[in-house]
Amino acid sequence: MATKTQEGATAGTEAQDDDTAVEAAGTEGETARAQTREGGSGHTDAVEDVTAEEKAAEEETAEEVAAAEGAAEEAAGREKAPSGVGQGAGAVVSAALGFVSLSGGWIGTVAGAREQLVGQLRTSSTATVATQIKAVYGNAWHSTALWAGLFALAALLTGVVVLARPAFGTPGRPQAHWIKSVAWGGVSLAVIGLLLAVLKYSDALLALPSTS
């Protein structure tokens, strides 16, 4: 009887040891699965971080390329767009020529004096008074008027070209206001000078005195 009791006790102890081993194995399995899940989660987070960094790098690269293209286009636009210096110079030249056309300028004065000298040399002392007046004073007056008309015509053409230049230039680029003002001033002076030149040359203004 004692032997059977001992055998039963031994069997019970072995069963308990088996249960403990099973429980330990189960605990180890759960721990391994937990570690596996943690490892998989960490790997996923790492992949997501790498993907986010790649996207950020691509976006930065795209922004840099767009900025470079914009700067290149802006530089090209500045190179193609006229600065307006030529138009401003043309407007000033038109105004200056228009002012000179009112009197004929130094060239007109010299031309008139030359015609007067030529008339004195070519006209004999026995010529009539009307002939002497026409040769000495009339031709000189007409020469001055002719040069004044040429200056007025040059001023008019220059002013018109300056005012019409934006229509043939870069679209959407307005002309400076001061250029327009100076060009219109030159055109106005040119019209007045041209009108006076025609009146003087046709003897409608300050005609030669009558000898009768």
Side-chain angles (χ1 to χ4, degrees), residues 62-122 130 133-210:
E63 291 178 357
E64 292 177 356
V65 172
E69 291 178 353
E73 291 178 357
E74 185 177 356
R78 286 196 299 267
E79 292 177 356
K80 293 180 180 179
S83 60
V85 175
Q87 298 179 28
V92 173
V93 170
S94 175
L97 291 175
F99 179 77
V100 172
S101 69
L102 298 178
S103 61
W106 176 78
I107 296 178
T109 302
V110 172
R114 181 180 182 279
E115 287 296 328
Q116 185 176 1
L117 179 61
V118 170
Q120 291 176 353
L121 294 174
R122 292 182 178 179
I133 292 175
K134 185 178 185 306
V136 177
Y137 299 103
N139 292 341
W141 182 245
H142 291 166
S143 179
T144 304
L146 178 63
W147 278 102
L150 293 176
F151 279 116
L153 186 60
L156 181 62
L157 292 177
T158 304
V160 170
V161 169
V162 171
L163 292 174
R165 178 64 179 83
F168 303 95
T170 304
R173 183 179 179 84
Q175 192 177 52
H177 296 294
W178 73 269
I179 296 178
K180 288 184 179 180
S181 300
V182 176
W184 276 114
V187 170
S188 301
L189 292 174
V191 171
I192 296 174
L194 188 60
L195 179 60
L196 291 176
V198 172
L199 293 176
K200 289 186 292 185
Y201 195 85
S202 62
D203 292 332
L205 180 65
L206 299 177
L208 295 176
S210 177

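In what follows, every heavy atom counts, from backbone to side chain, and hydrogens, waters and symmetry copies are set aside.
Judged purely by atom type and a 3.5 angstrom limit, S94 uses its side chain to pair as donor or acceptor with the backbone of A155. Here the side chain of Q175 pairs a donor or acceptor atom with the backbone of V162 at under 3.5 angstrom.
The two atoms that bring Y201 and A145 nearest to each other are N-CB, 3.7 Å, heavy atoms only. The shortest non-hydrogen separation linking G104 to F151 is O-CE1, 3.4 Å.
Rounded to the nearest 0.5 angstrom, W141 CH2 and T144 OG1 are separated by 7.0 Å.
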Taking only distance into account, with no hydrogens and no angle test, what donor-acceptor pairs under 3.5 Å do side-chain atoms of residues 181-196 form with protein atoms, sequence neighbours excluded?
| from | atom 1 | to | atom 2 | distance (Å) |
| --- | --- | --- | --- | --- |
| S181 | OG | H177 | O | 3.0 |
| S188 | OG | W184 | O | 2.9 |

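Legend: residues meeting side-chain contact (heavy atoms from CB on, under 4.5 Å) with S143, ordered by chain and number and at least two apart, are A111, E115, W147.
Just one of R114, R122, K134 meets the side chain to side chain contact (heavy atoms under 4.5 Å, CB included) condition when paired with N139; it is K134.
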